[in-house]
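This report concerns only the one structure given below.
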Protein chains: 2
Amino acid sequence: MDSTGESGGKKKIKRAPNERVLQRDPERTRSAILEAATREFAENGMGGARVDAIAERAGTNKRMLYHYFGDKEQLYLHVLEEAYVSIRTAERALHIGDRSPEEGIGELALFTWRYFLEHPEFLSLLGTENLHRARWLRQSVRLKELHSHLIGELSDVLDRGKKEGVFAENADPLHVYLTIASLGYFYLSNQYTLSTIFGRDLIDPAQLDSWEKHIVHVTLASIKR
Amino acid sequence: MDSTGESGGKKKIKRAPNERVLQRDPERTRSAILEAATREFAENGMGGARVDAIAERAGTNKRMLYHYFGDKEQLYLHVLEEAYVSIRTAERALHIGDRSPEEGIGELALFTWRYFLEHPEFLSLLGTENLHRARWLRQSVRLKELHSHLIGELSDVLDRGKKEGVFAENADPLHVYLTIASLGYFYLSNQYTLSTIFGRDLIDPAQLDSWEKHIVHVTLASIKR
DNA sequence: CAAGCCGGTAACTAAACAGTTACTTGATGA
DNA sequence: TCATCAAGTAACTGTTTAGTTACCGGCTTG
């Protein structure tokens, strides 16, 4: 589309290509807001998060935030959807069916634990959303089918294990996933009260390592025949 | 102490003892505020809770709230302490050491699950407190030693089980408690997002019953020799 | 029975807040 | 080269909020 004849020299775009690269960049502004909002909502919950704080963290101002996302609630919903899409996308890449049933389940447990450990903001957002009884998640059209894949794949692995005689016949895929998620979620999201109360620093690497082994052990022990 | 000589007849206290019982009752007002605050904080978190709403729910007004508790944060701390004292008190009444080791652990798991089920406000308060990294709990002097009893008793039961050869030698009392609490906490506190996502109503009595059995099974499976 | 104190009410205040408006700056296409 | 539109800024607005002040009234006590 350089047929305007003026595409040659004058345009100020990229004047000094690396000196002041793009003063106006909608894509960057948008994602900066989304990232800042993720942190703000994760740290303070829906009620405690401040729109001004998000704008400041993103290096922009409220006007832009309302421009791209409508209002505080819609911005929160975007953040939540993004968080779910991220974990489920990473999860799919695992292909737990490629290994033996026991290895597959162990792999899923390890992945989930480590993902939780590396993404505390995801745990926090889940907590906030549940405080509000999934008020915003229920509105989301994007997320309903995102999860059938997980249960489907898990179900296949369990069935294979049952046929091979290593898993109990009554092992339920939802129960298995809930077991894995429970053990990771509670330990990490409640680490602050737990460490205070029991006087043991749960975030200490040795403790983390010990709990990681525990999760895998418990998960497999709960379904082995 | 009735030596003042005027303790006899005249006092208007209890005029018509049941008609307008006590227009002014500090004890009742105080506990009404505490109960209202428990619900408000549990439903909306620290950031979302409204002081006006608490006063209204308690059938009083803000003045009294500030009179009895100082400010919003101190009131919140009282609520949190109260919640912890309640569960630990009920827990002590269990005497898990009076039974066989396996029954004792099963009893603790059942108790914890049912307590969580009947006290959703406790789970919610825990979530809120952890969002704030135990900021207020850390300030509390009352709660530090409240928990050594639990771990101590649990430790005794495990040791007995190990001597009798039913429990594995490396079973850790903290891990056992965390396992029990994890499975109950996550299922209940995250029931809203989980039900939405997996399309199964987790609060349905049949589901609850099934998960209760699962918790006991998993807990014992994780420590059995 | 008068003095004073404590439980209680309601209206007020200053700050914080979500959301808006008026305006500026920069890119693009005809 | 100029009209147009999108990106961006900053100051503003009405409302909500935690916390306060001024006041009322009944009970206790010297």
Side-chain angles (χ1 to χ4, degrees), chain A residues 1-17 19-33 36-37 40-41 44-77, chain B residues 1-17 19-33 36-37 40-41 44-77:
Chain A
M1 293 305 182
D2 50 352
S3 61
T4 48
E6 225 182 6
S7 57
K10 200 185 164 190
K11 286 187 178 182
K12 276 186 197 165
I13 321 174
K14 290 174 187 168
R15 42 117 185 247
E19 189 210 337
R20 250 227 182 208
V21 222
L22 288 174
Q23 299 168 313
R24 310 176 59 170
D25 188 339
E27 206 48 57
R28 207 188 44 146
T29 301
R30 209 190 116 100
S31 71
I33 291 173
E40 177 73 10
F41 283 123
N44 304 298
M46 181 63 184
R50 299 291 161 246
V51 172
D52 291 276
I54 296 171
E56 201 187 328
R57 287 180 116 147
T60 179
N61 57 63
K62 280 195 288 191
R63 179 64 227 280
M64 288 297 95
L65 191 154
Y66 285 97
H67 180 245
Y68 288 118
F69 297 98
D71 64 6
K72 189 184 178 183
E73 302 203 3
Q74 284 178 263
L75 174 57
Y76 169 78
L77 182 54
Chain B
M1 295 287 235
D2 50 353
S3 60
T4 47
E6 222 182 9
S7 55
K10 198 186 163 188
K11 289 185 173 180
K12 275 186 194 164
I13 321 174
K14 290 175 187 169
R15 44 110 185 249
E19 189 209 336
R20 249 229 183 205
V21 225
L22 292 173
Q23 300 167 312
R24 307 176 62 170
D25 188 339
E27 206 46 58
R28 207 187 44 145
T29 302
R30 210 190 116 99
S31 71
I33 291 172
E40 179 73 10
F41 283 123
N44 303 302
M46 181 63 183
R50 297 292 160 242
V51 172
D52 291 275
I54 295 171
E56 201 189 326
R57 286 180 115 145
T60 179
N61 58 64
K62 277 193 291 189
R63 180 63 228 281
M64 290 295 94
L65 191 153
Y66 284 98
H67 181 244
Y68 288 118
F69 296 98
D71 64 6
K72 188 185 179 183
E73 302 201 3
Q74 283 178 264
L75 174 58
Y76 168 79
L77 181 55

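In what follows, chains carry the letters A, B, and so on, assigned in the order in which the sequence lines appear, proteins first and then strands, with residues in each chain numbered from 1.
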Looking only at heavy atoms, what is the nearest atom pair of A/Ala49 and A/Asn44, with distance?
N-CB, 3.6 Å
Describe the nucleic acid contact of A/Ala53 in one word from base, sugar-phosphate, nothing, applying a heavy-atom distance below 4.0 Å.
nothing
Kindly say if A/His67 contacts the phosphate of D/dA7, meaning a side-chain N or O under 4.0 Å from OP1 or OP2.
yes
Nearest-Å distance for atom pair CD/C1', residues B/Glu56 and D/dT17
15 Å
To the nearest Å, give me how far apart NZ (B/Lys72) and P (D/dT16) are.
16 Å
By the salt bridge (charged side-chain N to carboxylate O under 4.0 Å, His left out) test, which pairs, at least two apart or in different chains, include something from residues 64-75 of chain B?
B/Glu73-B/Arg135
Residue pairs involving residues 44-68 of chain A (criterion ring-ring contact (aromatic ring centres under 6.0 Å, His included); sequence neighbours excluded):
none
Whole angstrom is fine here: how far is it from CD in A/Glu27 over to C1' in D/dA7?
13 Å
So the salt bridge (charged side-chain N to carboxylate O under 4.0 Å, His left out) pairs with at least one residue in residues 46-56 of chain B (sequence neighbours excluded) are B/Asp52-B/Lys62
Check step by step if side-chain contact (heavy atoms from CB on, under 4.5 Å) holds for B/Leu65 and B/Ile54.
CA-CA 9 Å; B/Leu65 191 153; B/Ile54 295 171; 3.8 Å; yes
Check this one for me: any side-chain N or O of A/Thr29 less than 4.0 Å away from OP1 or OP2 of D/dA7?
no
Classify A/Ala49 by what it touches in the nucleic acid, base, sugar-phosphate, or nothing, heavy-atom distance under 4.0 Å.
sugar-phosphate
Measure CZ/A/Arg30 against P/D/dG8 and give the value in whole Å, please.
13 Å
Quick check on contacts: within residues 57-66 of chain A, what sits under 4.0 Å from DNA chain C by heavy-atom distance?
A/Lys62, A/Arg63, A/Tyr66
With B/Phe41 via ring-ring contact (aromatic ring centres under 6.0 Å, His included) - residues at least two apart
B/Tyr76
Just N and O in the side chain of A/Arg50: are any of them under 4.0 Å from OP1 or OP2 of C/dA18?
yes
Without decimals, in angstroms, what is the distance between B/Asp52 CG and C/dA11 P?
13 Å
Could you tell me how far apart B/Gln74 (CD) and D/dA18 (P) are, to the nearest whole angstrom?
15 Å
Of all the choices, C/dG8, D/dT17, D/dA7, which nucleotide is nearest to the side chain of B/Tyr68 once you look at every atom?
C/dG8
Contacts of A/Arg57 meeting salt bridge (Lys or Arg N to Asp or Glu O under 4.0 Å) (sequence neighbours excluded), chain-then-number -> A/Glu40, A/Glu43
